Asker: 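Please find one structure pasted underneath; my questions will follow.
Residue numbering restarts at 1 for every chain, and letters A, B, ... go by the order of the sequence lines. Quick caveat: nothing in here was measured; it's all calculated off a predicted structure.
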There are 2 protein chains.
Amino acid sequence: MDTKDKLIEATGKLLWERGYAATSPKAIQKESGIGQGSMYHHFSGKKDLAIAAIERNSEMMRKEIELIFTEKTSPLNRIKNYLLREREILKGCPVGRLVYDPDIYSDEELLELLDNMFQWIMDKISMTLEESMKQNEIRNIKTTELSSTITATLQGSYVIARSKKKIEPFKDAIHGLLSLIKIMEEKGIQNER
Amino acid sequence: MDTKDKLIEATGKLLWERGYAATSPKAIQKESGIGQGSMYHHFSGKKDLAIAAIERNSEMMRKEIELIFTEKTSPLNRIKNYLLREREILKGCPVGRLVYDPDIYSDEELLELLDNMFQWIMDKISMTLEESMKQNEIRNIKTTELSSTITATLQGSYVIARSKKKIEPFKDAIHGLLSLIKIMEEKGIQNER
DNA sequence: GTCTATAATCGGATAGAC
DNA sequence: GTCTATCCGATTATAGAC
């Protein structure tokens, strides 16, 4: 791994653990083992590093999630698999956690990177729900709304888990959502009669 | 309003807007109009101020929410009213937003204040769901799970709204959840037959 | 109680040598 | 490309006068 990659990786790790405002250039140097001069040679500053790191984190997430949504199983199963995907629950969502960072929220360019990621996943979920409806797995619903609900529940599940430093509340919230989806599913089957 | 109250109010406002780590004692002095010496006379430091402010914010929220849950309407309606309650969506949840603040998450005492608030509201929702089930408004479900789902959806709705700086995603996510609850409700009515 | 002065450390860079 | 030196403001207090 070259110098630039080391810097991006270290920045990504620290952004996930501590957010943007609380991550100092010095901390990035320490984490990556790269010196001051070298860091400022490759990147213009903290924001430049953050952009590279967020883009890299997002790309990794997209690839992982893409795998789940291209599996050969029913649309609804793909959504369930996404909800039950393995996660580092107490660390929170690497993207979602940055939304409350004051220095991110006040910077259009950085905030847009987060929005892009959320929109990408919500579109993915919406399209999968459309498929599910066509196959009569579930009853007709507004896919924009339900994909927002699914995304929001995931994001909020991280939040309440962190407040307790326990993973159980996360699982409770997800299983509650799965139960609601299950009811909607039975209802869809009924409609076929 | 006396000096101490002014300091607590200013701190509460800044915690909501910027979080804990990004709120400096100097900013609190400016916001409150109280001087340095005076501030350190009334409070031992930043953390002491934050505790007072979070407790005060929590107390206010509890009172407002208590009103909704003591209204004379069906249990399920009380939950719907809570979900549709007026909120400062883009500012985020004054409690939930602090969960990702590194200086809060690493401090047991501060984090516990957030947990207390979440637990209080989730208990409130659980109890109301129990009532709703007894009255056959909805089918039997695990109230711990569903109350976590409801709380998580609210928290996550703030997150996605902030990523877009728009309130619509918040409303979409809430209405998606309400639709799922509606389906569960129809199912409950069926059970009565 | 409130004020101003002072301090030690950190944050985020820039400058110039090698 | 990488290193060390330097800069200036902010952070979070403490000290002592009034």
Side-chain angles (χ1 to χ4, degrees), chain A residues 1-56 97-98 100-111 113, chain B residues 1-54 97-98 100-111 113:
Chain A
M1 198 161 57
D2 69 4
T3 304
K4 229 176 152 170
D5 283 336
K6 279 183 197 164
L7 284 164
I8 293 174
E9 182 168 287
T11 305
K13 186 181 173 204
L14 290 169
L15 284 182
W16 193 356
E17 281 170 3
R18 318 227 343 120
Y20 180 71
T23 293
S24 67
K26 188 159 288 186
I28 294 171
Q29 291 153 34
K30 194 179 173 189
E31 176 71 33
S32 63
I34 306 295
Q36 179 109 324
S38 194
M39 192 193 91
Y40 280 103
H41 172 77
H42 290 288
F43 295 92
S44 70
K46 179 176 165 172
K47 179 177 166 180
D48 196 22
L49 271 157
I51 290 174
I54 293 172
E55 279 175 343
R56 177 180 157 289
R97 74 153 294 144
L98 297 175
Y100 278 125
D101 193 300
D103 293 353
I104 297 251
Y105 191 68
S106 59
D107 186 302
E108 267 191 51
E109 199 179 352
L110 292 172
L111 193 62
L113 295 177
Chain B
M1 199 161 54
D2 69 3
T3 304
K4 227 175 154 174
D5 282 336
K6 280 183 195 164
L7 284 164
I8 293 174
E9 182 168 287
T11 306
K13 187 181 172 204
L14 291 169
L15 284 183
W16 194 357
E17 281 170 3
R18 318 228 342 119
Y20 179 72
T23 293
S24 67
K26 187 161 287 187
I28 294 171
Q29 291 153 34
K30 195 180 172 188
E31 177 71 34
S32 63
I34 306 295
Q36 178 108 326
S38 194
M39 193 192 91
Y40 279 103
H41 172 75
H42 290 288
F43 295 92
S44 70
K46 180 175 165 172
K47 180 176 166 182
D48 195 23
L49 272 157
I51 290 173
I54 293 172
R97 75 151 295 144
L98 298 176
Y100 278 125
D101 192 302
D103 293 353
I104 297 252
Y105 190 68
S106 60
D107 185 304
E108 266 192 53
E109 200 179 351
L110 292 172
L111 192 62
L113 295 178

Asker: To the nearest 0.5 Å, what is the distance between CG (A:L98) and OH (A:Y20)?
Answerer: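 Reported value, rounded in 0.5 Å steps: 10.5 Å.
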
Asker: I want to check one thing: is the phosphate of D:dA10, taken as OP1 and OP2, less than 4.0 Å away from some side-chain N or O of B:S24?
Answerer: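 Checking D:dA10 against B:S24, no side-chain N or O comes under 4.0 Å of OP1 or OP2.
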
Asker: Please collect all salt bridge (Lys or Arg N to Asp or Glu O under 4.0 Å) contacts where either partner lies in residues 16-36 of chain B, sequence neighbours excluded, each pair once.
Answerer: B:K13-B:E31

Asker: Once salt bridge (Lys or Arg N to Asp or Glu O under 4.0 Å) is applied, what residue pairs with a partner in residues 32-44 of chain A remain, sequence neighbours excluded?
Answerer: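 Residue pairs with at least one partner in residues 32-44 of chain A: there are none.
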
Asker: Atom CZ in A:R97, atom CG in B:D101: separation rounded to 0.5 Å?
Answerer: 8.5 Å

Asker: Using every non-hydrogen atom in the two residues, find where B:S32 and B:A10 come nearest and quote the distance to one decimal.
Answerer: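 Of all heavy-atom pairs spanning B:S32 and B:A10, the closest is CB-CB, 3.6 Å.
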
Asker: With heavy atoms of chain B within less than 4.0 Å as the criterion, where does contact along DNA chain C begin and end?
Answerer: C:dG1 to C:dA5

Asker: Using a cut-off of strictly less than 4.0 Å between a heavy atom of the residue and any atom of DNA chain D, enumerate the qualifying residues of residues 41-56 of chain A by number.
Answerer: A:H41, A:H42

Asker: Taking only residues two or more places apart in sequence, or in another chain, which ones meet B:Q36 in a side-chain hydrogen bond (donor to acceptor under 3.5 Å, both in side chains)?
Answerer: B:Q29

Asker: Mind jotting down which residue pairs meet the salt bridge (Lys or Arg N to Asp or Glu O under 4.0 Å) criterion with at least one end in residues 38-53 of chain B? Sequence neighbours excluded, please.
Answerer: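 Output for this query lists B:K47-B:D107, B:K47-B:E109.
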
Asker: Do any of residues 28-40 of chain A sit with a heavy atom less than 4.0 Å from DNA chain D, and if so which?
Answerer: A:G35, A:Q36, A:G37, A:S38

Asker: Can you give me the closest heavy-atom contact between A:G12 and A:A53, atom names plus distance?
Answerer: N-CB, 3.6 Å

Asker: Looking at residues 2-14 of chain B, who's got a heavy atom less than 4.0 Å off DNA chain C?
Answerer: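 Residues of residues 2-14 of chain B under 4.0 Å from DNA chain C: B:T3.
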
Asker: Between atom CZ of A:F43 and atom OG1 of A:T11, what is the distance when rounded to the nearest 0.5 Å?
Answerer: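 If I round to the nearest 0.5 Å, the distance is 7.0 Å.
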
Asker: Of all heavy-atom pairs between A:A50 and A:L110, which one has the smallest distance, and what is that distance?
Answerer: CB-CD2, 4.3 Å

Asker: Within a strict 4.5 Å, meaning less than it, do heavy atoms of the A:M39 and A:P25 side chains meet?
Answerer: yes

Asker: Mind checking what makes side chain to side chain contact (heavy atoms under 4.5 Å, CB included) contact with B:S38, not counting sequence neighbours?
Answerer: B:T3, B:I34, B:H42

